[in-house]
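For this chain, numbers begin at 1 and follow the sequence in order. Note that this is a predicted model, so its numbers are computed, not measured.
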Amino acid sequence: MKHVYGVVPSRRLGRSLGICPIPFKTCNYSCIYCQLGKTTRMTNSRYTFYSPEEILNEAENFIKKYGEKSFDVVTIVGEGEPTLYTPLDKIVEGIRKLTHKPLVLITNGSLLYNTSVRKEVSGFDIVMPTLDAWDEASFRKINRPFGKLSYKEVLKGIVDFSREFNGEIWLEVMLVKDYNDSIEALNFLKERIETISPERVYINVPVRPPAEKGVEIPEKSRIDYARRLLGATSIENLPVSNFLSSESDAIKAVIEIIKRHPMSKDDIKEFLLSEFNEQALEKFFSLASEKYNIEKCSYHGKVFYRYIQRREKR
């Protein structure tokens with residue numbers, strides 16, 4: 001499948017059936033901590049990258065095959081920024097006809113200043129924007145946005161949306177050591193978050209290999225302080241379930257997942273042994289790095305595999 005993937009275990013949402021409406025690494029941010037690597041298609045313009053019918057047909061086929069019991073939520077999440085896709089409301093309307101499970105949007109929140117975007121995403125049950133910065137300088141340093149985007153504009157968009165939205169807003173803060181984990185930075189973030197009044201705040205840390213070197217996890221004491229100050233939940237402390245793929249081929253199944261969600265070596269072993277067999281496991285680790293667009297990297301003593309977009313030879 002091109003757009004529908006998983007089921008992926010989510011520490012916040014349970015078993016998530018993912019739907020990606022945009023091409024790989026299409027975004028208006030190039031965050032230093034992004035687990036998918038650097039943004040390769042930087043844009044702030046919205047497009048109908050794929051027809052709603054194409055995306056919804058895949059979702060319908062998955063749900064018919066595996067049933068609603070296979071997942072807890074349907075999550076619209078991009079290999080970049082999903083609100084760059086339009087018309088999102090057509091995707092929402094179509095999914096509502098296929099399942100009664102909650103519909104979630106994971107977004108950086110950057111385009112919520114746009115009234116058309118706010119209208120298109122108003123039909124979600126849960127919207128999960130990100131807020132890592134507290135001013136223009138920190139915004140540029142951490143999120144590295146498309147040139148025309150300003151912090152003031154983005155924050156106002158999230159605030160305006162929070163006042164209009166009938167669903168729940170679950171805000172995520174990615175804490176990065178020496179970037180936004182100081183006492184001063186956290187107090188500024190607290191002030192910004194209070195203007196949004198989200199139903200939940202989650203603290204995340206870069207547990208998978210980031211886009212840039214020097215991106216590190218803050219000290220545990222600082223994470224605990226941030227959690228108390230912001231009234232937040234630390235994502236790494238939440239339980240997690242197992243991966244599931246609709247692909248019948250083992251290699252394709254792993255690629256389908258890591259294209260959106262880099263996996264550790266242990267995750268891959270557990271997935272392949274539970275869904276396939278030991279032969280599939282050996283095949284993946286012998287061919288992955290050489291034959292497929294997969295890179296092997298180490299981070300904090302763990303081995304990870306993630307999808308990369310190779311440039312075609314001329």
Side-chain angles (χ1 to χ4, degrees), residues 10-12 25 27-39 42 77 80-81 106-110 128-146 149 151 154-155 158 170-194 196 198 200-240 258 260-267 295-306 308:
S10 168
R11 295 184 184 275
R12 294 159 294 183
K25 286 306 294 175
C27 197
N28 52 5
Y29 284 6
S30 187
C31 298
I32 58 172
Y33 57 75
C34 185
Q35 64 181 12
L36 297 178
K38 296 179 181 180
T39 295
M42 178 75 86
V77 56
E81 175 46 42
I106 297 181
T107 171
N108 60 26
S110 60
M128 303 174 65
T130 298
L131 190 73
D132 311 315
W134 63 94
D135 62 10
E136 190 67 29
S138 57
F139 184 47
R140 297 279 156 192
K141 191 175 182 181
I142 298 169
N143 303 119
R144 300 188 300 188
F146 184 85
L149 283 171
Y151 179 79
V154 170
L155 178 62
I158 298 174
W170 297 4
L171 191 73
E172 177 176 302
V173 179
M174 176 67 81
L175 282 189
V176 182
K177 185 177 181 180
D178 297 333
Y179 280 86
N180 61 354
D181 66 332
S182 69
I183 301 296
E184 182 182 34
L186 290 171
N187 276 290
F188 281 132
L189 280 169
K190 182 175 185 293
E191 291 177 9
R192 309 296 184 263
I193 291 171
E194 286 175 347
I196 299 169
R200 301 185 189 183
V201 178
Y202 288 101
I203 289 175
N204 203 355
V205 294
V207 294
R208 298 184 185 92
E212 300 294 343
K213 294 180 179 179
V215 171
E216 294 292 342
I217 299 171
E219 300 296 331
K220 184 179 182 302
S221 60
R222 191 52 56 87
I223 297 172
D224 291 340
Y225 175 82
R227 177 178 50 79
R228 294 191 300 270
L229 179 70
L230 304 179
T233 300
S234 295
I235 291 177
E236 74 272 14
N237 293 331
L238 299 177
V240 67
I258 66 173
R260 291 93 175 186
H261 188 290
M263 298 171 72
S264 70
K265 187 174 184 178
D266 291 339
D267 285 338
E295 70 173 357
K296 176 182 175 182
C297 47
S298 297
Y299 185 64
H300 284 275
K302 294 183 71 174
V303 176
F304 289 85
Y305 290 81
R306 67 181 175 189
I308 57 174

- Can you list every pair that meets salt bridge (charged side-chain N to carboxylate O under 4.0 Å, His left out) and has a residue in residues 170-185, with sequence neighbours left out? Arg12-Glu172, Lys177-Glu219
- Inter-residue atom distance Lys265.NZ - Ser298.OG, 0.5 Å rounding: 9.5 Å
- Message: Strictly below 4.0 Å, N to O, side chains only: are Lys220 and Asp224 in salt-bridge contact?
- Response: yes
- With a 4.5 Å heavy-atom cut-off, do Lys141 and Tyr179 have their side chains touching? yes
- Item | salt bridge (Lys or Arg N to Asp or Glu O under 4.0 Å) partners for Lys213, two or more places apart | none
- Closest non-hydrogen contact found for Cys297 with Pro209 is SG-CG, 3.5 Å
- Query: Taking all non-hydrogen atoms of both residues, which atom of Glu81 and which atom of Thr107 are closest, and how far apart?
  - Reply: OE2-OG1, 2.7 Å
- With sequence neighbours left out, write down each residue that passes salt bridge (Lys or Arg N to Asp or Glu O under 4.0 Å) with Arg144, or none if nothing qualifies. Glu212
- Task: Kindly indicate whether the side chain of Thr233, heavy atoms from C-beta on, has any atom under 4.5 Å from the side chain of Arg200.
- Result: no
- Query: Heavy atoms, side chains only, cut-off 4.5 Å: are Thr39 and Asn28 in contact?
  - Reply: no
- In chain order, what residues pass the salt bridge (Lys or Arg N to Asp or Glu O under 4.0 Å) check against Lys302, with sequence neighbours excluded? none
- Message: Contact between Ile196 and Leu155 at the side-chain level, heavy atoms closer than 4.5 Å - yes or no?
- Response: yes
- Message: Let me confirm one number: the CG-CZ distance from Asn187 to Arg192, rounded to the nearest 0.5 Å.
- Response: 10.5 Å
- Query: Given the rule in the side-chain contact (heavy atoms from CB on, under 4.5 Å) test, do Phe188 and Asp135 qualify, once you have shown the distances and angles that lead to the verdict?
  - Reply: CA-CA 9 Å; Phe188 281 132; Asp135 62 10; over 6 Å; no
- Is there a side-chain contact between Ile183 and Arg222 (heavy atoms, below 4.5 Å)? yes
- Examine distances only and state if a side-chain atom of Asn143 and a backbone atom of Pro145 form a donor-acceptor pair shorter than 3.5 Å. no
- Under 3.5 Å: donor-acceptor pair, side chain of Asp132, backbone of Met174: yes
- Check Pro198 against Ile193 and note the closest heavy-atom contact, atom names and distance. CD-O, 3.5 Å
- Do Asn180 and Ser138 have side-chain heavy atoms sitting under 4.5 Å apart? no
- What pairs with Tyr151 under ring pair (Phe, Tyr, Trp, His ring centres under 6.0 Å), at least two apart in sequence or on another chain? Phe139
- Item | Derivation and outcome, side-chain hydrogen bond (donor to acceptor under 3.5 Å, both in side chains), residues Ser264 and Asp266 | CA-CA 5 Å; Ser264 70; Asp266 291 339; 5.2 Å; no
- Out of curiosity, Gln35 CD to Phe304 CZ, how far, rounded to the nearest 0.5 Å? 9.5 Å
- Note on the structure: Residues passing the ring pair (Phe, Tyr, Trp, His ring centres under 6.0 Å) test with Tyr33, sequence neighbours excluded, are none
- Item | Smallest separation among heavy atoms of Ile223 and Leu175, with atom names | CA-CD1, 4.4 Å
- Does a side-chain heavy-atom distance below 4.5 Å link Pro210 with Ile32? no
- Heavy-atom side-chain contact between Leu36 and Cys27 under 4.5 Å: no
- Task: Measure the spacing between CG of Leu229 and NZ of Lys190 and express it to the nearest 0.5 Å.
- Result: 6.0 Å
